[in-house]
Structure formats: structure tokens, C-alpha cells
Amino acid sequence: MPEDVALRIARIAVTSLLAVSGLVAVGRAQTDVQGTSLDPQNFVQIERGRYLAVAGDCASCHTVPGGPPFAGGRSIETPFGVVVGANITPDRETGIGAWSDELFVSALREGKGHGGSLLYPAMPYPYYTKVTERDALAIRAFLNTVQPVRNRVVSNQLPFPFDVREEMKVWNALYFKSGEFKPDAAKSAEWNRGAYLVEGLGHCGACHTPKTTLGGDDLKQAFEGYALQGWFAPNITNDNERGLGGWSVADIVSYLKTGHNAVGAATGIMAEEISLSSSHMTDADLTAIATYLKDLPGQTNSRPEAVSASDPAMVAGGAIYADECSACHGMDGKGIPFLFPSLAGSPNVRSTDPTSLVRVLMEGARSVATAGEPTSPGMPSFAWKLNDAEIAAVLTYVRNSWGSSAAAVTADQVKSVRAAMLGSVNR
């Protein structure tokens, strides 16, 4: 190969890597000017869009597990009913192939579809509004390259009156603030990158921020945890009691990259997010996310008083723990690093809402398998073996041992989770 050709190829490869990482902008038609499309044939733009679509976890809502990528059809449970993920392949009749770039950007960042029809925030435009136009168009360029799939999806399956889209005008007035992310000049570039990913493309608040009765974010409790789809997305502020205060930046990066760190392992909804999204992100972006999360102040609420060791629930729970749990998690509750999660001092164990704990104990769980941690250890179900009172007792014991303190779990709470799980299976 002639030397000048080899050098040109090398330059293109290096420039492509830098562009995907967001370090430079390349391409003859790339621009950040409002309303101007980027070159849809530019490989760097397409690859950048692929990475951004992964970072935004688009597949979670728009791909049915085992089905064609981005063809839609996946049901998304909301407190108001079911919304189905749309087909976003470039099929011209049932997907977005006939959409203009302007319409795509409007849907992504403003929640407005054809003819100005209002989308539901199950499509997280309240977060995606912070995405830059350049990034939005890069995502569109990537989606243009995926296999077109003819799959007509009826997204709105909400019951009356929630199926009336015009009601979204009121919701938007209350909870939607349009505008892309503006860097904070007082913060580092790394912090700003983390904020952009957490607040915007990663839409972390969609799961981790409590919601009002109308489904809008309660920003007074941003990132302090929220119950959804039968799980509790935990507090991810730097709160020492129930958040990430006890985790280092490296701990958070390891968790997001591999699904595991020395004290925790991801299951449930977060396991899917890690599998499809964060495990494929660059270490630099994950470090930026961790840096931002560690700067989120936690609440200063006082610790609840620990349940007395002589309480009947603690006595019963301690006996159950010794028989059923200690073989993996240890009598000291510390587990085995990167294999069985530590229960001692775990912010998730002390969570204000024990729903996830009850669910894991009843249903069992398998932690996520990733390239970095492929073992994917599992926990068996105890629903067949322990009744509601026994599950409540052992969880009360775990939440109030080894220096921790949290509200007791009641048999009624366990009964409620059990009924919800049975209802879900029977649907």
C-alpha cells in the first residue's frame, strides 16, 4: 500500500475515534446551526449516533427482546396504563423513514410528532430536550442505517381519559421545560459531560426521581428513588445513608461497566440498562457520570431508630437469615466481593421503600452478565418456602443489623408485593 494512502487511512481512523468520543467534530456538512441537517452519509456521524443511541438506551423501549432492533412493540408500564414503544426503523410506512430531520428532532426534544401531535413522556423528551441538535441528528443518521422493519405499532393504549393527547398541553405546562443542556462554567468539563448524560441522554431521573400524582418529576426530591414496574429505583444522590455516599467514583464506574462492584450487583430493570447501555459506554463517560452523581447532595434526614435486637421479628429474622442466607452473604452480611452482594451497610437494603428487597427474596434474581463480569451469579426464590411474615422478619433483620437501621418490613407490605407479582404473571 502506498505510504500516502496508509497515512490517510490512519488519519481517518484516529479522527473517527476522537469524534465518537466527542473530542472533535468532523464531516463536511456537520454543523450546530438550528434547522440544518448533518451529512447522513458521514461514517463518523453515523458511528457517533450509534454510540449515543446506546448511551440513551433506546433499545430498552423500542426493541422487543429477541426481536428486530428498534422495530417497536414493547409495552411500557406507566401508573396510568400501557404505552407501546414505537417503530423507529427507517421503514417509510410504519417507522420513521418518511420523517424529516426536523420532525425527528421535534419528537425527540419537544415531544411533538406529526402535525404537532403531542407525545407522552414515556418517550422521555423532558430529558432529551437537553440533547444538542448535533447529537439528535447523529442519532437520526444512525437509525437511518438500521434494517427497515414493517411493523405497525399503536403506541397509545392508555384508558380514557389518559388517552386524550390534548391533555398533554396541561402536563407540559406544568412539567416540561424546553431547552438543550447549558454547561456550568463553574464546573469541570468532566462534571458537565456527566450532567449532560445524567440529566439528558441517560434520562436517569425517569426512574430515580419521585413523581407527582400527575406523573411529573418531583424536583425537590430529584434522584432520591422511585417505585416503578414492581421495583424501587434507589436513591443515587451522594446521600450517605440511602444513596451513593459510601461508593467511590471507581465503585460507580465498575457497577455501570460490569454490573458489579465490591459490594453490589445489578438485577431487575437496572440489569437491563447495564446490559444494553452503560456496559458499552466509554470509561471516560462513565467516570463523568460518576463524578456528577457524587456531587449531588443527599438529604440530611436523621437516621431512623434501629429495631431492637430483642424484637420478635428480629429474633425470627436472625434465625431465618442464619439458615437460608448466611451461606452466600455471610453471618457478617458482607457477602463475597464481585460475587454475592454485601448486605451490611448497603444503601439499597436501607432504602425507604423495600419493594425491590421483597421482590428479590420472593422471586429470586440473577445479576447481569457483562464482558467484564460474565459469571452472573443468581439467588433462588424463597416465595415457596417463606410466608409473608417470615419474609418480613428476615428483611427487618437485614435492614437493622451490622450497624444499619431502617423501618421494619411488615407482612402486609410483603403480601402486597406478592399479589402484584401474581397479577403480573396472570396478565
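Residue numbers count from 1 along this sequence.
No side-chain donor from either of Asp311 and Ser308 sits under 3.5 Å from a side-chain acceptor of the other. There is a side-chain donor-acceptor pair under 3.5 Å between Asn238 and Lys294. Side-chain contact annotation: Glu190 with Thr291, donor-acceptor N/O pair under 3.5 Å present. Of the N and O atoms on the side chains of Ser254 and Asp251, not one donor lies less than 3.5 Å from an acceptor on the other residue. Side-chain polar atoms of Thr237 and Asn235 form a donor-acceptor pair below 3.5 angstrom. Side-chain contact, Trp402 with Asp332: no donor N or O sits under 3.5 Å from an acceptor N or O. Looking at Glu180 and Thr129, their side chains never bring a donor and an acceptor atom within 3.5 Å of each other. Looking only at atom types and distance, the side chain of Thr94 has a donor-acceptor partner in the side chain of Asn87 under 3.5 Å away. No hydrogens or angles considered: a donor-acceptor pair under 3.5 Å links the side chains of Thr212 and Tyr175. Using a 3.5 Å distance cut-off with no hydrogens or angles, the side chains of Ser351 and Asp353 do not pair a donor with an acceptor.
The residues Arg193 and Asp285 are annotated as salt-bridged, a charged nitrogen and a carboxylate oxygen being separated by less than 4.0 angstrom. A salt bridge is defined here as a Lys NZ or Arg NE, NH1 or NH2 lying under 4.0 Å from an Asp or Glu carboxylate O, and Glu224 with Arg242 fails to meet this definition. Under the 4.0 Å criterion applied to side-chain N and carboxylate O atoms, Arg140 and Asp101 are assigned as salt-bridge partners.
Looking at Leu256 and Met270, their side chains come closer than 4.5 Å, going by heavy atoms from C-beta outward. Looking only at side-chain heavy atoms (C-beta outward), Val394 and Glu324 stay at 4.5 Å or farther from each other. Residues Val315 and Tyr397 form no side-chain contact, since every pair of their non-hydrogen atoms from C-beta on lies 4.5 Å or further apart. Annotation: side chain of Leu276 is not in contact with side chain of Val54 (no heavy-atom distance under 4.5 Å). Under the 4.5 Å side-chain criterion, counting only non-hydrogen atoms from C-beta, Glu273 is in contact with Ser278. With a 4.5 Å cut-off on side-chain heavy atoms, Arg399 and Leu357 count as touching. Using a 4.5 Å heavy-atom cutoff, the side chains of Ile391 and Met362 are in contact. Side-chain atoms of Pro65 and Arg74, non-hydrogen and from C-beta on, do get closer than 4.5 Å to each other.
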Task: salt bridge (Lys or Arg N to Asp or Glu O under 4.0 Å) evaluation trace for Glu47 with Arg50 - done: CA-CA 5 Å; Glu47 175 57 19; Arg50 183 204 63 78; 2.8 Å; yes
TODO: Assess whether side chain to side chain contact (heavy atoms under 4.5 Å, CB included) is satisfied between Phe176 and Met168, documenting all intermediate values.
DONE: CA-CA 10 Å; Phe176 176 55; Met168 288 306 303; over 6 Å; no
Task: Intermediate values then yes/no, salt bridge (Lys or Arg N to Asp or Glu O under 4.0 Å), Asp283 and Lys257 - done: CA-CA 8 Å; Asp283 289 349; Lys257 190 73 173 182; 3.6 Å; yes
Open item on the list: Let's go through Thr267 and Val368 carefully: what are the C-alpha distance in whole Å and the side-chain angles of both, what is the deciding distance for side chain to side chain contact (heavy atoms under 4.5 Å, CB included) to 0.1 Å, and is it a yes or a no?
Closed with: CA-CA 6 Å; Thr267 59; Val368 63; over 6 Å; no
TODO: Would you check, one step at a time, whether the test ring-ring contact (aromatic ring centres under 6.0 Å, His included) holds for Tyr120 with Phe80?
DONE: CA-CA 11 Å; Tyr120 293 105; Phe80 308 99; 9.5 Å; no
TODO: Show your reasoning for whether side chain to side chain contact (heavy atoms under 4.5 Å, CB included) applies to Leu143 and Phe104.
DONE: CA-CA 11 Å; Leu143 292 175; Phe104 178 83; 3.8 Å; yes
- [ ] Start with the C-alpha gap between Leu214 and Leu174, add the side-chain angles, then the distance that decides, and say whether side chain to side chain contact (heavy atoms under 4.5 Å, CB included) holds.
- [x] CA-CA 10 Å; Leu214 295 178; Leu174 291 171; 3.9 Å; yes
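Here the shortest heavy-atom pairing between Asn348 and Pro234 reads OD1-CB, 3.1 Å. The two residues Ser405 and Glu305 come nearest to each other via the heavy atoms CB-C, 4.2 Å. Considering all non-hydrogen atoms of both residues, Thr370 and Ile274 come closest at CG2-CG2, 4.0 Å. Across Tyr226 and Pro210, no two heavy atoms sit closer than the pair CD1-CA, 3.7 Å. Taking every heavy atom of both residues into account, Phe162 and Leu158 meet most closely at O-CD1, 3.5 Å. When all heavy atoms of His280 and Ser275 are compared, the closest pair comes out as NE2-O, 2.8 Å.
For Arg92, the CZ atom counts as loosely surrounded, since its 6.0 Å shell holds 12 or fewer non-hydrogen atoms of other residues, nucleotides or ligands.
Atom CD1 in Ile88 sits 4.0 Å away from atom NE2 in His62 (nearest 0.5 Å). Here Gln221 contributes atom CD and Lys211 contributes atom NZ; the two are 11.0 Å apart, rounded to the nearest 0.5 Å. To the nearest 0.5 Å, the span separating NE2 on His329 from CZ on Phe340 amounts to 7.5 Å. Atoms CG and CZ, from Leu52 and Arg134 in turn, are 8.5 Å apart once rounded to the nearest 0.5 Å. Taking CE of Met421 as the reference point, atom CD of Glu363 lies at 4.0 Å (rounded to 0.5 Å). Atoms OG and CD1, on Ser60 and Ile76 in that order, are 9.5 Å from each other to the nearest 0.5 Å.
Between the side chain of Ser356 and the backbone N or O of Phe232 there is at least one donor-acceptor pair closer than 3.5 Å. For Asn400 (side chain) and Val307 (main-chain N/O), a donor-acceptor pair under 3.5 Å exists by modelled atom type. Looking at Thr209, its side chain does come within 3.5 Å of a backbone N or O of Phe223 through a donor-acceptor pair. No donor-acceptor pair under 3.5 Å is formed between the side chain of Lys415 and the backbone N or O of Thr410. Side-chain atoms of Arg165 come within 3.5 Å of backbone atoms of Leu118 as a donor-acceptor pair (strictly under, hydrogens ignored). For the pair Asp91 (side chain) and Pro148 (backbone), a donor-acceptor distance under 3.5 Å is absent. Of the possible polar contacts, one joining the Glu390 side chain to the Asn387 backbone as a donor-acceptor pair under 3.5 Å is found. Although no hydrogens or angles enter the test, the distance criterion places no donor-acceptor pair under 3.5 Å between the side chain of Ser367 and the main chain of Ala266. Checking side-chain atoms of Ser381 against main-chain N and O of Ala383 turns up a donor-acceptor pair under 3.5 Å. Proximity of a side-chain donor or acceptor of Tyr128 to a complementary backbone N or O of Gly56 within less than 3.5 Å is detected.
Using bins of under 30°, 30° to 60° and over 60° for the plane-to-plane angle, the ring pair Phe70/Phe142 lands in the perpendicular bin. Using cut-offs of 30° and 60° on the angle between ring planes, the pair Tyr127 and His203 is tilted.
The salt bridge (charged side-chain N to carboxylate O under 4.0 Å, His left out) analysis of residues 195-210, with sequence neighbours excluded, yields no pairs.
Of the candidates Lys130, Arg109, Arg48, Arg48 is the only one forming a side-chain hydrogen bond (donor to acceptor under 3.5 Å, both in side chains) with Asp135.
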